[in-house]
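For reference, the structure is listed below as structure tokens.
The figures here come from the full heavy-atom set of this structure, side chains too, leaving out hydrogens, waters and symmetry mates.
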Amino acid sequence: MAVLKDLKRIREAGPGIEAVAYVDMATSTVLATSSAIDEPQERFDGLCDAAIALLDGADGEPDEAVRMASTEALVVCRSAADQEEALCLVCAPDADVSAVMHHARAAFDAEGSK
């Protein structure tokens with residue numbers, strides 16, 4: 001899958017993107033990661049859990065979600081090609097969330113055009 005190869009490019013594309021995780025929500029599995037710093041696996045497992053909670057919650061099944069905190073912004077974007085896969089992007093709290101979402105969506109769009 002091309003998205004796997006693009007995680008570092010996605011992370012470096014947008015200012016403020018600190019880490020990217022590509023997750024399979026059906027199996028609660030982190031498929032691949034790219035991070036500017038060494039993150040423990042538990043951190044990425046938590047991102048997978050967050051993606052499941054945000055995208056498959058009781059309020060329906062959105063394709064995108066954002067969770068803001070004082071220390072970070074978490075941007076989650078579901079794949080259009082496989083509804084069980086998503087990108088989780090951990091960003092600085094002042095990152096341009098719409099630009100981050102654009103980079104995530106563009107990665108999945110590029111995947112679909114291959």
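Put simply, CD1 on I10 and CD1 on I17 are 8.0 Å apart, with the number rounded to the nearest 0.5 Å. Note: M25 CE to Q83 CD = 7.5 Å, rounded to the nearest 0.5 Å.
Applying the side chain to side chain contact (heavy atoms under 4.5 Å, CB included) test to T27 and every residue at least two apart in sequence or in another chain returns D24, T29. In this structure D49 satisfies the side chain to side chain contact (heavy atoms under 4.5 Å, CB included) test with no other residue, sequence neighbours excluded. Considering only residues two or more places apart in sequence or on other chains, E64 meets the salt bridge (charged side-chain N to carboxylate O under 4.0 Å, His left out) condition with R105. Partners of S79 under the side chain to side chain contact (heavy atoms under 4.5 Å, CB included) rule, at least two apart in sequence or in another chain, are A81, D82, E85, F108. Annotation: side chain to side chain contact (heavy atoms under 4.5 Å, CB included) contacts of A65 (sequence neighbours excluded): L54, L55.
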Under 3.5 Å, sequence neighbours excluded: what are the donor-acceptor pairs made by side chains of residues 94-101?
| unit_1 | atom_1 | unit_2 | atom_2 | d |
| --- | --- | --- | --- | --- |
| D96 | OD1 | S98 | N | 3.2 |
| D96 | OD1 | S98 | OG | 2.7 |
| D96 | OD1 | A99 | N | 3.2 |

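Heavy atoms only, all atoms of each residue included: A69 and P93 are closest at O-CB, 4.0 Å. R67 approaches A50 most closely through the heavy-atom pair NH1-CB, 3.7 Å.
Within the structure, side-chain hydrogen bond (donor to acceptor under 3.5 Å, both in side chains) contacts touching residues 10-20 (residues at least two apart or in different chains) are R11-S34. For residues 26-44, the set of pairs meeting the salt bridge (Lys or Arg N to Asp or Glu O under 4.0 Å) definition, not counting sequence neighbours, comprises E39-R43, R43-E72.
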Starting from the C-alpha separation in whole Å, work towards a yes-or-no answer on side-chain contact (heavy atoms from CB on, under 4.5 Å) for L47 and V30. CA-CA 9 Å; L47 293 178; V30 177; over 6 Å; no
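The side-chain heavy atoms of L7 and L87, taken from C-beta on, include a pair separated by under 4.5 Å.
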